[in-house]
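Position 1 is the first residue of the sequence, and the numbers go up from there. Whatever order the structure lists them in is the order used to number ligands and atoms, beginning at 1.
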Amino acid sequence: MTIIEIIEKKKNNLILSKEEIDFFISGMLKGEIADYQISSLLMAIVLNGMNEEETFYLTDAMIRSGETIDLSSIEGIKVDKHSTGGVGDKVTLILAPLLASFGLKVAKMSGRGLGHTGGTADKLESIPGYRLELSQEEFINQVNEIGVSVISQSGNLVPADKKLYALRDVTGTVDSIPLIASSIMSKKIASGADVIFIDVKVGNGALMKKIEDARKLANTMIHIGNRYHKKTICILTNMEEPLGYAIGNALEVQESISALKGMGPEDVMELIIKTTGLIVSSVSDLSLEEAEQQCFKKFNTGQAFEKFRQMVSFQGGDLEKLEISNRIFSVRSAKSGYISHIDALGLGEIARKIGAGRLKKEDQIHYQVGLVLTHKVGDFIEVNEELLKIYLDDKDVKVNEILECFTIQEDEVEKQPLIYEIIK
Ligand code: URA
């Protein structure tokens, strides 16, 4: 068997065997397959796809490429969640402590920002002192003690994904359902939780631009989860506009704290309550409605925020020291009318350029910068009224670039739903 034969086979739209997929992944990790050969096979997969069996074998080979986390010493139901990536997506910061306040166990590893999308690990790092790297023992002890810990991904978890992802990022091979499904599910299965919840973002600010593709991705991931006997739930949600108002690390932590107190933006609260309802009702005696209702109690009694505070403090962070830039500018609307579209991808790129994300791998994030919208799709805005606030550090941005992200029309706008579908 040679890698050239495997590439030729996929190029000719044939089905790869388990042995061929194993050969590819192990050869890649041993450094026996050149990057241009890996990229060539990735492109053949993007163009010709993989069936469910091949996608499962790929996921399995990726899981076996590194260490897996054993959460068996944590008592109770272990829940993990993942988002395929969006702009302003601060859900993990809110959901993880909220689920812990229901008695579920959340031992979660989170990623850094990718492209125009922010990463939970970067957001948490904006809290001075917060330790993203804990030993496995510290991680497990913390979850046993307070129910929740969010850390960065362990160095040796699914090394095959690290290698593949870095190549996909620079060879135009990210947007492939089998490649995305195996990338996400290998990490989720290797992380050891019993219940896997995945928010598949759909729209202009997301990897999946079309609902049919998002649905296919969700079904592929559920199929993989089922093969490992993991309860896997997917939710398809709208990423045509940023989630909430805040985009940028410390600003998103601030917005998450408001949400944990029950006072977050409407879309953030809707997504959090629906997600929590789905997860809690699927592992307890509570109905969906009862679980959703209980969320309000967790917000109002301070239990949800208290879990977040505990997590931050256990991991060395100091919320009192959270810093937001004080170089603030208002961007005002050039015309009046109804906002029909907010370009999440465009705003994500602007946030990245002013320092909220990285343009190069080695870039340092400026945690205190970002954007805060004052309006969402469907809102009416007057000419010269504030459209958003921008929090800058040492970089500047052209106002026109920001204004181009907003489409304003005369006629009233029918708002799209936030949650399209639930698949389980
Ligand atoms: N998130 C991942 O972890 N992997 C992908 O391929 C896409 C989104």
Side-chain angles (χ1 to χ4, degrees), residues 25 28 38-39 41-43 45-47 49-50 54-56 58-63 65-66 68-69 80-87 89-92 108-123 150-193 196-210 213-225 230 232 234-237 239 243 344-345 348 352 357-358 361:
I25 294 294
M28 175 181 81
I38 302 168
S39 309
L41 181 56
L42 289 172
M43 186 56 85
I45 295 172
V46 170
L47 298 175
M50 276 183 148
E54 289 174 291
T55 311
F56 169 70
L58 178 59
T59 312
D60 198 57
M62 288 168 72
I63 295 169
S65 74
T68 50
I69 311 286
D80 198 354
K81 73 78 69 169
H82 188 86
S83 155
T84 57
V87 177
D89 185 353
K90 65 267 310 162
V91 166
T92 298
K108 170 140 185 61
M109 293 190 187
S110 280
R112 304 253 169 211
L114 183 73
H116 68 281
T117 65
T120 302
D122 295 328
K123 294 173 202 194
V150 182
I151 60 172
S152 59
Q153 212 154 282
S154 137
N156 200 29
L157 194 88
V158 198
D161 182 59
K162 286 205 181 74
K163 174 83 191 163
L164 288 174
Y165 208 100
L167 281 174
R168 287 170 59 210
D169 208 16
V170 291
T171 56
T173 51
V174 172
D175 55 343
S176 148
I177 288 171
L179 294 179
I180 298 174
S182 54
S183 164
I184 293 176
M185 291 308 283
S186 58
K187 287 175 290 202
K188 294 294 109 182
I189 308 279
S191 303
I196 301 169
F197 183 90
I198 301 168
D199 183 355
V200 181
K201 299 282 181 203
V202 195
N204 142 278
L207 274 179
M208 295 288 111
K209 310 285 181 214
K210 292 194 293 210
D213 291 337
R215 197 176 288 134
K216 200 162 161 210
L217 174 63
N219 282 317
T220 307
M221 292 192 289
I222 289 171
H223 174 84
I224 296 169
K230 305 282 185 190
T232 309
C234 290
I235 186 167
L236 271 44
T237 65
M239 193 25 80
L243 186 67
L345 174 63
R352 181 147 80 130
R358 298 176 189 81
K361 215 165 74 237

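- Counting non-hydrogen atoms of other residues, nucleotides and ligands closer than 6.0 Å to NZ of Lys209 gives a total above 12.
- Inter-residue side-chain proximity for Val91 and Ser83 is flagged as unmet; no heavy-atom pair is nearer than 4.5 Å.
- Within the 4.5 Å cutoff, no side-chain heavy atoms of Leu236 are placed close to those of Met208.
- Within the 4.5 Å cutoff, no side-chain heavy atoms of Thr68 are placed close to those of Ile189.
- With a 4.5 Å cut-off on side-chain heavy atoms, Leu217 and Thr84 count as touching.
- Numbered from 1 in the order shown, with element, the atoms of ligand 1 that lie under 4.0 Å from a heavy atom of Arg168 read 6 (O).
- Taking any N or O of Lys187, backbone or side chain, at least one lies under 3.5 Å from an N or O belonging to ligand 1.
- The distance from ligand 1 to the heavy atoms of His82 drops below 4.0 Å at these ligand atoms: 1 (N), 3 (O).
- For ligand 1, the polar-atom distance check finds an N/O of Ser183 within less than 3.5 Å of one of the ligand's N/O atoms.
- For Leu207, every heavy-atom contact with ligand 1 shorter than 4.0 Å involves the side chain, none the backbone.
- Around atom 1 (N) of ligand 1, the closest heavy atom drawn from Leu164, Ile184, Val158 belongs to Ile184.
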